[in-house]
Amino acid sequence: MPKGPGLHHSAAMIERPRAPETFDYVIVGAGSAGCVLANRLSADARARVLLLEAGGSDNYHWIRIPVGYLYCIGNPRTDWCFRTEPQAGIGDRAIDYPRGKVLGGCSSINGMVYNRGQKRDYDQWRQFGNVGWASDDVLPFFKKSEDYSEGAIGEHSTGGELRVEQQRLRWDLLDAVRDAAEAAGVPRRDDFTFSDQPGSGYYRVTQRRGRRWSATDAFLHPVRNRPNLKIETHAHVERVIFEGRRATGVAYTQGGISRIAKAGAAVILAGGAIGSPQLLEVSGVGDGARLGALGVPVVRHLAGVGENLHDHLAHRCIFKITGALTLNERMRTIFGKAAIGLEYLLFRKGPMAMAPSQLGFFARSSPSVETPDVQFHVQPLSLDKFGDALHSFPAFTILPCNLRPRSRGAVHAVSPDSHVAPKINPNYLSDLDDRRVAADMMRLTRRIVAQAPLAPFAPQEYAPGGCGPDDESLAVAAGSVGATIYHPVGTARMGRDPLAVVDERLRVHGVDGLRVIDASVMPTITSGNTAVPTMMIAEKGAAMILEDARK
């Protein structure tokens, strides 16, 4: 077509809209679940798979270095930088709510702890009516991807993609804390990866020779050159496309250009407990009244979309000490920092190789609890809040968290534009039982610190400090130092009741061709760190998809 007067644009400067491409599977989100799904589904050479990630490449040195989580969380390059609504239960504070925005998702910025939760968790999922999700059912999927450095012992396995190793450092102070926990009634346990019993020990981590081993390292990079797998970064999905009640593809933007990808078999949402419900809502799947208020046409009324948000709230209890080395002192001088850097450069050991928490233990908040309902993360350092500088004095931190919170919140879209951050309201400590457990955790923390093995270090409570022994005073104090431990789940939960969003095969109720496969489908949160359970869900989800395709 001839150009009008004054129009002299070079053809090279104008990108023509691409015709829609057709795939068998379109996966939205290249996080802990999405990387597993892309690997397993593209293993079938006959299937064309598209993986869309709103963030960028994981080619960033602070992702590889374990301590780099300090520079990835809160960094717009790698984090969505969400914030919650003000939370009454934690002193009316709004807090940061990190979520990975990069290949690997949260597995590229998290604490690297390898934990499966308790067998009780999955048996309870089965009791809710989710056939095929009991502990015996899910164990093979945990084992399938695991490469345990200590060998195929117990319920561990070797040869999988996800490397699991012991941490490459130790602290005398942490040994003393473990002794104190034992003196307070928490027995030593060498491995609490899938245990329903109390115990203390050093966390195993998803690392390889002192470097982070993310879901991208494990599952995506080794297969990214498969001819039937296409990976697109900086691809922000705006909505799922429906024809009637069948999902047929997605609309997304990339580099300012609108694109469409069609899915012949299924669209799979793997955007996590925040991203997946928001995308469902802006696509017309959710509570009809809520969608109407947003001006979004209703494809399927599902009142449970975005509801059931729950998370592990940790309480940052800090104790000043004397007579032991902590990271606070090592990082205080230029010589200390140089020594830390040199130790890592030469040996891949030391503080730069450490997970945020090295020591952990699982305990019961009261004798009436059947299995451990409290997890402790212990750190040889202290700071007022994440992102702040370390304190100038020697100290350690114990972070107890309630593994089975009853408080429930929600995450919901506030605009039909998926680029607008959703409203996140975890509703922390709104349940009276959660406040009781918070008080019990504070008592247990103080009882552990008061044991003889820690006496040589003269621990003095720095935070929260100054609170009475009654339940309400302790709960208020716990809330004042409470923050997320980055485990949101449940916002598209699995089940058959009116508020369930997906069935036991992770298919969205009432529509065809659409599944959700990520932490949002958990009916209840697992009793521990959630990264590995999320990968297990993706393993099992991929197996079900391939099984259904063969029918």
Side-chain angles (χ1 to χ4, degrees), residues 18-53 103-105 132 137-138 140-147 157 159-162 215-233 235 237 240-252 254 259-271 276 279 283 502-508 511-518 521 534-551:
R18 293 190 305 202
E21 291 186 86
T22 299
F23 301 84
D24 294 289
Y25 304 107
V26 174
I27 304 166
V28 181
S32 299
C35 290
V36 176
L37 290 163
N39 180 300
R40 300 310 190 216
L41 296 180
S42 66
D44 180 354
R46 299 167 297 177
R48 291 198 68 209
V49 180
L50 173 64
L51 178 64
L52 298 173
E53 168 55 43
L103 285 177
D137 299 318
V138 302
F141 295 100
F142 280 120
K143 296 178 71 173
K144 179 178 180 179
S145 61
E146 185 183 25
D147 185 22
S157 62
E161 294 87 351
L162 188 64
T216 319
D217 296 315
F219 299 101
L220 197 58
H221 288 319
V223 303
R224 66 182 310 149
N225 292 323
R226 285 176 177 169
N228 63 326
L229 173 61
K230 187 173 185 179
I231 303 166
E232 297 282 3
T233 57
V237 175
V240 178
I241 298 171
F242 287 92
E243 293 181 7
R245 284 197 173 182
R246 179 171 185 84
T248 59
V250 300
Y252 67 100
Q254 186 181 47
R259 308 193 190 284
I260 290 176
K262 295 184 177 180
V267 174
I268 305 166
L269 305 190
S276 287
L279 188 55
S283 303
V502 300
D503 66 14
E504 68 274 9
R505 298 190 75 78
L506 309 183
R507 299 171 296 202
V508 175
V511 298
D512 295 322
L514 180 62
R515 303 197 193 216
V516 181
I517 304 180
D518 55 31
V521 306
T534 300
M535 294 181 200
M536 178 278 294
I537 289 169
E539 284 278 18
K540 185 170 173 60
M544 291 189 292
I545 290 172
L546 294 173
E547 180 182 348
D548 290 347
R550 291 191 290 268
K551 292 179 180 178

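FYI, side chains are in, hydrogens and waters are out, and symmetry mates aren't considered; it's all heavy atoms of this structure.
Closest approach of Ala47 to Tyr25, counting heavy atoms only: CB-CE1, 4.0 Å. Residue Val49 comes nearest to Ala38 through the heavy atom pair CG1-CA, 4.5 Å, listed as atom of the first residue, atom of the second, then distance. Taking each heavy atom of Ala538 and Leu37 in turn, the nearest pair found is O-CD2, 3.7 Å. Between Ala215 and Met535, the closest heavy-atom pair is CB-CE, 4.2 Å. Heavy atoms only, all atoms of each residue included: Ala33 and Thr534 are closest at CB-CG2, 4.0 Å. Taking every heavy atom of both residues into account, Gly513 and Ala247 meet most closely at O-CB, 3.5 Å.
Checked by atom type and distance alone, the side chain of Ser276 pairs as donor or acceptor with a backbone atom of Gly271 at under 3.5 Å. For the pair Arg40 (side chain) and Ala543 (backbone), a donor-acceptor distance under 3.5 Å is absent. The closest donor-acceptor contact from the side chain of Thr216 to the backbone of Leu103 lies under 3.5 Å. One N or O on the side chain of Asn228 and one on the backbone of Asp44 form a donor-acceptor pair closer than 3.5 Å.
Contact of the Lys262 side chain with the Thr248 side chain is not registered, since no non-hydrogen atoms from C-beta on lie closer than 4.5 Å. The closest side-chain heavy-atom distance from Glu146 to Leu162 is not below 4.5 Å. For the pair Leu269 and Val240, the minimum side-chain heavy-atom distance is below 4.5 Å. Side-chain contact between Val237 and Val26 is absent, with no heavy atoms from C-beta onward closer than 4.5 Å. With a 4.5 Å cut-off on side-chain heavy atoms, Leu506 and Val516 do not count as touching. Side-chain contact between Ile268 and Leu41: present, with at least one pair of heavy atoms (C-beta onward) separated by less than 4.5 Å. Contact check for Glu539 versus Phe219: side-chain heavy atoms found under the 4.5 Å cut-off. Within the 4.5 Å cutoff, the side chain of Val28 has no heavy atoms near those of the Tyr252 side chain.
If you take CG on Asp147 and OG on Ser157, they are separated by 8.0 Å, rounding to the nearest 0.5 Å. Separating the CE atom in Met536 from the CZ atom in Phe142 is a distance of 4.0 Å, to the nearest 0.5 Å. Between the CZ atom in Arg245 and the CG atom in Leu514 there is a gap of 12.5 Å [rounded to 0.5 Å]. The CG atom of Asp24 lies 10.0 Å from the CZ atom of Arg46; values are rounded to the nearest 0.5 Å. In this structure, CZ in Arg507 is found 9.5 Å from CG in Asp512, a value given to the nearest 0.5 Å.
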Practice problem: Check the pair Asn39, Leu220 against side chain to side chain contact (heavy atoms under 4.5 Å, CB included), reporting the backbone distance first and the verdict last. | Solution: CA-CA 6 Å; Asn39 180 300; Leu220 197 58; over 6 Å; no
Quiz item: Would Ile545 and Ile517 satisfy side chain to side chain contact (heavy atoms under 4.5 Å, CB included), going step by step from the backbone distance to the final call?
Solution: CA-CA 11 Å; Ile545 290 172; Ile517 304 180; 3.8 Å; yes
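No option in Arg224, Arg226, Arg48, Lys230 other than Arg226 meets the side-chain hydrogen bond (donor to acceptor under 3.5 Å, both in side chains) test with Ser42.
Ion pairing between Asp503 and Arg505 fails under the 4.0 Å rule for side-chain N and carboxylate O. A salt bridge links Asp548 to Arg515: at least one charged side-chain nitrogen sits closer than 4.0 Å to a carboxylate oxygen.
Counted within 6.0 Å of CD on Glu547, heavy atoms from surrounding residues, nucleotides or ligands total more than 12; the atom is thus considered enclosed.
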